[in-house]
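Shown next, in structure tokens, is the structure this report addresses.
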Amino acid sequence: MFKRLDEILIEIPNIEKPDPNAAAAVQELLGGKFGEMSTLNNYLYQSFNFRSKEKMKPFYDLVMSITAEELGHVELVSHGINHCLRGSTEYKEPDQTPLGSVKDARLSYHFLAGAQGAMPYDSMGNPWTGANVFNSGNLVEDLLHNFFLECGARTHKMKVYEMTDHPAAREVVGFLLVRGGVHVVAYAKAIEIATGVNVTKLIPIPSLNNKAFNEARKYEEKGVHTKLYTYSDKDFNAIGQIWKGTHPEDGQPLEVIQGIPQGFPIPEAPAVEEEFAPGISNEDFKEIARRLKMAGNIAD
């Protein structure tokens, strides 16, 4: 089961800089073949279908804990997209064409169907598909796939970073480059333990180090690339049998942390009246408040 908090993994810069095309690019990191929807669901179904989990407990614990983190990554990328879209239009009467300014946006579906919010699509508007999920049931094959998936995800993050200088997009992508790097190393170490092959010698793929990116470098300076969280108060601590030793790139000691990282408040999303969202007028709100008070026996 999962426990949810009203937080996100990092604080996203709250800068008024609408950029619908930046949002479209970041969508690839959400609903693309190597996006967070894919990493989440690959590990989610591998964790559901894991064979001999007691005998292979360190590997099971690794997949379980990374699955939980990927839920937070889906959430974080979605909020990054929302920040890029915020302020793209403004309220006008319908005959004044309030959405006219975004009719040429590369991904107009954000405005036609999503009320200027993230959607489970790639950068071209193709819906995410379960065909992206790989679960062979063979431990080494699945670990190899996960290593490749994380390397592919890293490549796409680097390209999206190079596509846009939007502060919200770069903050999110920089952080995910670091955390995705943790998963690359974790799966490489797992393969080494399972097969004896030192896959960490291949890292990083692509060869450009995270320290080349400003928004990634600052997280590495804080040691974010050395920590792996269990995302559980008491379970999945056997990952310490895999996540140990030093980081293959800079030699920093690796650390397993029981629990979750510190989170940050989820930012308020303002109303977008021209999109009929949330579609509640001040009068409607007052009536809803009155009904809630009545339901809770709350006196004025």
Side-chain angles (χ1 to χ4, degrees), residues 1-20 23 26-27 30-31 36-37 40-41 44 67-102 105 107-121 127-128 166-169 171-172 175 229-235 259-300:
M1 67 176 67
F2 299 96
K3 181 179 181 180
R4 186 166 188 178
L5 304 177
D6 191 18
E7 298 176 348
I8 52 177
L9 287 164
I10 62 171
E11 190 171 13
I12 303 175
N14 189 20
I15 296 174
E16 192 72 21
K17 184 184 176 183
D19 190 342
V26 180
Q27 278 285 164
L30 181 61
E36 302 297 344
M37 290 284 294
L40 166 63
N41 281 284
L44 187 68
T67 298
E69 181 170 356
E70 294 295 349
L71 278 165
H73 289 184
V74 169
E75 178 181 49
L76 184 63
V77 174
S78 297
H79 283 287
I81 292 167
N82 294 349
H83 274 68
C84 292
L85 290 169
R86 185 173 299 170
S88 296
T89 60
E90 61 183 24
Y91 178 74
K92 300 176 185 176
E93 292 296 323
D95 284 345
Q96 295 179 294
T97 323
L99 300 182
S101 62
V102 294
L107 191 54
S108 58
Y109 215 55
H110 278 144
F111 306 93
L112 293 171
Q116 301 186 32
M119 306 183 79
Y121 297 102
W128 184 84
H166 193 287
E171 189 73 28
V172 168
F175 175 78
Y229 298 87
T230 63
Y231 277 85
S232 173
D233 294 336
K234 57 184 177 64
D235 296 321
I260 62 175
Q262 176 188 349
F264 295 84
I266 295 177
E268 175 79 8
V272 187
E273 298 298 341
E274 63 272 26
E275 295 267 18
F276 321 111
I280 302 295
S281 67
N282 286 335
E283 290 73 22
D284 293 333
F285 177 77
K286 290 176 182 177
E287 180 59 22
I288 291 171
R290 186 188 67 81
R291 293 179 192 141
L292 286 172
K293 286 181 179 180
M294 288 180 60
N297 294 317
I298 301 172
D300 290 326

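For the numbers below, each heavy atom of this structure counts, side chains included, while hydrogens, waters and symmetry mates do not. Note that the structure is a prediction, hence the values are computed from the model and not measured.
A 4.5 Å side-chain heavy-atom check between Ile15 and His166 finds every atom pair outside the cut-off. Looking at heavy atoms from C-beta onward, Asp235 lies out of side-chain contact with Thr230 at the 4.5 angstrom threshold. Residues Phe285 and Ile280 form a side-chain contact, since some pair of their non-hydrogen atoms from C-beta on lies under 4.5 Å apart. You'll find the side chain of Leu99 stays beyond 4.5 Å of the side chain of Leu112, heavy atoms only. Tyr231 has its side chain out of reach of Leu71: every pair of non-hydrogen atoms, C-beta onward, lies at least 4.5 Å apart. Side-chain atoms of Thr89 and Ser101, non-hydrogen and from C-beta on, do get closer than 4.5 Å to each other. Annotation: side chain of Glu274 is not in contact with side chain of Gln96 (no heavy-atom distance under 4.5 Å). A 4.5 Å side-chain heavy-atom check between Val77 and Met37 finds every atom pair outside the cut-off.
Within the model, atoms CD1 of Ile266 and CG of Asp6 stand 4.5 Å from one another, a figure rounded to the nearest 0.5 Å. For the atom pair CG of Leu40 and CH2 of Trp128, the computed distance is 8.0 Å after rounding to the nearest 0.5 Å. Rounding to the nearest 0.5 angstrom, the gap separating the CD atom in Gln262 from the CD1 atom in Ile260 is 10.0 Å.
Taking every heavy atom of both residues into account, Pro98 and Glu93 meet most closely at CD-O, 3.5 Å. Of all the heavy atoms in Arg86 and Pro18, the pair that sits closest is O-CB, 3.4 Å. The heavy-atom pair separating Leu85 from Pro20 by the smallest distance is CD2-CA, 4.0 Å. Here the closest heavy-atom approach between residue Phe111 and residue Ala105 is recorded as CE1-CB, 4.0 Å. Between Ile10 and Val172, the shortest heavy-atom contact is CD1-CA, 4.2 Å.
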Trace of the side-chain contact (heavy atoms from CB on, under 4.5 Å) decision for Met119 with Ile81:
CA-CA 9 Å; Met119 306 183 79; Ile81 292 167; over 6 Å; no
List the steps and the verdict of side-chain contact (heavy atoms from CB on, under 4.5 Å) for Phe264 and Ile12.
CA-CA 9 Å; Phe264 295 84; Ile12 303 175; over 6 Å; no
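Checking side-chain atoms of Glu36 against main-chain N and O of Leu30 turns up no donor-acceptor pair under 3.5 Å. Formation of a donor-acceptor pair under 3.5 Å by the Asn82 side chain with backbone atoms of Ala118 is found in this model.
Look at Glu283 and Lys286 and you find no salt bridge, because none of the NZ, NE, NH1 or NH2 atoms lies under 4.0 Å from a carboxylate O.
Between the side chains of Gln27 and His110, a donor-acceptor pair is found at a separation under 3.5 Å. Donor-acceptor pairing under 3.5 Å is lacking for the side chains of Glu75 and His79.
The environment of CD in Glu7 is crowded: more than 12 heavy-atom neighbours from other residues, nucleotides or ligands sit within 6.0 Å.
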